[in-house]
Protein chains: 2
Amino acid sequence: MGHEKIVLRGNPSLTESLKIVKDGLAQRRTVMVIGSCRVRYEGRASSTLQEGERILIVKDDGNLLIHRPYDLEPVNYMPSANRDEQDKLPTPRKAGGCLFEATSDGESLTIRAVRKEKRESISATFSRIYAVMGLDLVDRATFSLYASEEDMRRAILVEPALVEQGFRPTSFERRVEPGFVDVYGSDSEGRLVVIEIKRNAAGKDSALQLARYVESIRAQVTGTVRGILVAPGLARGVQPLLASLSLEFKPLSPRKAFEVLKSRGLVEQHELSAWF
Amino acid sequence: MGHEKIVLRGNPSLTESLKIVKDGLAQRRTVMVIGSCRVRYEGRASSTLQEGERILIVKDDGNLLIHRPYDLEPVNYMPSANRDEQDKLPTPRKAGGCLFEATSDGESLTIRAVRKEKRESISATFSRIYAVMGLDLVDRATFSLYASEEDMRRAILVEPALVEQGFRPTSFERRVEPGFVDVYGSDSEGRLVVIEIKRNAAGKDSALQLARYVESIRAQVTGTVRGILVAPGLARGVQPLLASLSLEFKPLSPRKAFEVLKSRGLVEQHELSAWF
DNA sequence: GAGTGGATTTCGCAT
DNA sequence: ATGCGAAGTCCACTC
């Protein structure tokens, strides 16, 4: 029993609701209740929310949300207790440290969650239930939030201060290798600057690649040549390697780059524009 | 048609789903779709989310949320376009500046939302729908949050002895050069007192911020100026920093502040029952 | 586990 | 509108 993909009841009886919620919680399914409720939270702060019609969601990892019919943010919520453990898992996770309890006094349905470590608890009491459901949802897809490396390069060209104050790009080359884009320029003291951009956390290969570029340039010119690795971050162990190669690191997130381009109206919106 | 409180279908046909979603959007009802979808967002950033089972909610004020079966935060979202207008309304609000569109190609259901001013848009395409519903929820209740930093400030104003015997507040949220002083007053010996309040354990930033305030005020007046950091505790390493800055620390928990307000009848009574 | 900084931050209040 | 600070911030990352 209870192995159905979806259990859903409209205008359920109290008994029916209690069973569906209890089963859903016990089986670590996503549980949703739509109805009129009062909510109380105590923990980091205290809050009360009087009777009103809302949507309550308990996800299968124990995260709890209570949404009003308006507002982007949940009016009440409680994070799952075991976030750290969850993050180690590549796929959907199950709750561990959060205690859930569904009870009924014959008139109403109360869902209560207690998070021991953080000493916080939340309680929602439904006096009326319009719909209740237990869901067994599967979502293993990866979420990608991005601006392209090309976007990062363009952002640096239009706003060189992203690299450092006084940086002036003088020329740039096309992509020489998948994943790498170069920008050349000079700093405030006239020194030559070679920039290598990486969209993801830069690994050793990036540092070594940049080192080769810098070395190549140094052989052709006189004077100091600085090598700067621009990336959202460094992979483990790259920091000391960079230092030993006398290279520098400048953090830049694709998001930041995207913002810069957007603020200048330079972002490509071919799909977006079609919608207007 | 469509005047029902709740329209709810399990395993609906594509045609049925499209109608319920279209009607719900047109009538500014809260719309919810549960199923397998792909999501694409463009605007402040860009994101893609491959096929997976999720919960999509369009609230009656136009806020859109897409939740995976895990995580506290929505994987994708789009704020309603008219937040400011909404905030002026005491009761449930309706969307204005957000364009919604529901379409079907015979195989899937696509819900799109476009926010013109912010130039952002989101699109969710459902290849499979387990449940779809249109809700007419009413929630006019007020949400009360206690033991906030604001409450701590109020508590100090009504009971200055929480800071120290003889303290007399003269003003609060006084504008000074670097920002705002939480509470401003004088001690039993007439010395000026500047108070910075923190709800959580105060960190280095709090100490430095208070130091800036004190410095600013010392530049404007003659005589001693005391800086007191009021917080439930100090983060590690802040104690010596405070000492080196010649600042003082007075422990005060939000809970205590709340108790004070409650004892004066300045907050709605509500029980703080045992958690376990 | 604590500290630091970012977020498609959101939210609220101030000028 | 804009800007600043708070948030029951959450969240990822580093030490």
Side-chain angles (χ1 to χ4, degrees), chain A residues 39-49 63-66 71-80 83-84 86-88 115 117-122 143-147 201 232-237 239 251-256 258-259 262 267 272, chain B residues 39-49 63-66 71-80 83-84 86-88 113 115 117-122 143-153 173-175 178-182 196-206 209 232-238 254-255 258:
Chain A
V39 185
R40 220 184 72 173
Y41 163 81
E42 299 200 18
R44 285 170 285 180
S46 301
S47 75
T48 57
L49 180 61
N63 281 301
L64 185 148
L65 298 162
I66 297 174
D71 286 349
L72 178 66
E73 300 280 311
V75 63
N76 273 117
Y77 61 91
M78 203 160 78
S80 174
R83 180 169 55 85
D84 287 340
Q86 290 168 31
D87 286 344
K88 298 192 177 69
R115 208 174 150 193
E117 308 89 38
K118 288 291 187 92
R119 308 270 316 171
E120 61 183 349
S121 65
I122 193 169
F143 174 69
S144 305
L145 183 65
Y146 64 93
L234 293 178
R236 299 188 58 83
Q239 170 95 351
L252 176 66
S253 69
R255 285 170 191 151
K256 176 61 180 172
F258 193 90
E259 282 174 16
K262 189 169 67 71
V267 76
L272 185 63
Chain B
V39 185
R40 185 168 161 72
Y41 164 81
E42 298 215 12
R44 287 169 286 180
S46 299
S47 76
T48 57
L49 179 62
N63 281 301
L64 185 149
L65 298 162
I66 297 174
D71 285 349
L72 178 66
E73 301 279 312
V75 63
N76 272 120
Y77 61 91
M78 203 163 79
S80 173
R83 179 169 56 85
D84 287 339
Q86 291 168 29
D87 286 343
K88 297 192 177 69
R115 208 174 150 194
E117 308 88 39
K118 288 293 187 92
R119 307 275 310 175
E120 63 182 346
S121 63
I122 194 168
F143 175 68
S144 304
L145 183 66
Y146 304 103
S148 62
E149 196 171 291
E150 168 67 13
D151 284 327
M152 294 175 69
R153 188 176 63 75
E173 288 200 350
R174 181 191 180 91
R175 189 92 171 94
F180 285 92
V181 167
D182 288 327
E196 172 74 18
I197 300 171
K198 285 295 162 189
R199 227 197 131 267
N200 300 314
K204 282 186 295 185
D205 51 346
S206 303
Q209 187 178 7
L234 292 179
R236 291 196 315 113
V238 178
R255 180 61 61 102
F258 173 71

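Numbers restart at 1 for each chain; the letters A, B, ... are given by sequence-line order, proteins then strands.
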What contact category does [X] fall into here, base, sugar-phosphate, or nothing, at under 4.0 angstrom with non-hydrogen atoms?
X	value
F143(A)	base
P79(A)	base
M78(A)	base

Options dT10(C), dT9(D), dG8(D), nucleotide nearest the side-chain atoms of N76(A): dG8(D)
Minimum-distance nucleotide to E149(B) side chain [options: dT10(C), dG8(D), dA7(D)]: dA7(D)
K198(B) vs E73(B), nearer the 5' end of DNA chain D by closest nucleotide: K198(B)
If I take atom [atom1] in residue [X] and atom [atom2] in nucleotide [N], what distance separates them, rounded to the nearest angstrom?
X	N	atom1	atom2	result
L65(B)	dT9(C)	CG	P	16 Å
D205(B)	dA2(C)	CG	C1'	14 Å
R40(B)	dT8(C)	CZ	C1'	14 Å
M152(B)	dG5(D)	CE	P	19 Å
L252(A)	dG5(C)	CG	P	17 Å
L145(B)	dG12(C)	CG	P	11 Å
L72(A)	dA7(D)	CG	C1'	14 Å
D71(A)	dT10(C)	CG	C1'	10 Å

With a 4.0 Å cutoff (strictly under), does any side-chain N or O of [X] reach OP1 or OP2 of [N]?
X	N	value
R119(A)	dG8(D)	no
N200(B)	dA7(D)	no
Y77(A)	dC10(D)	yes

Distance, nearest 0.5 Å, that separates CG of L64(A) from CD1 of I122(A): 5.5 Å
4.5 Å side-chain heavy-atom contact, P74(B) and I66(B): no
Sub-4.5 Å side-chain heavy-atom contact between V39(B) and V75(B): no
Nearest atoms (heavy-atom pairs only) where S121(B) meets Y41(B): O-CD1, 3.3 Å
Distance-minimising heavy-atom pair for N63(A) and S80(A): OD1-N, 2.6 Å
Separation of the P atoms in dG8(D) and dG5(C), to the nearest angstrom: 22 Å
Pairwise P distance, dC11(C) and dC11(D) [rounded to whole Å]: 15 Å
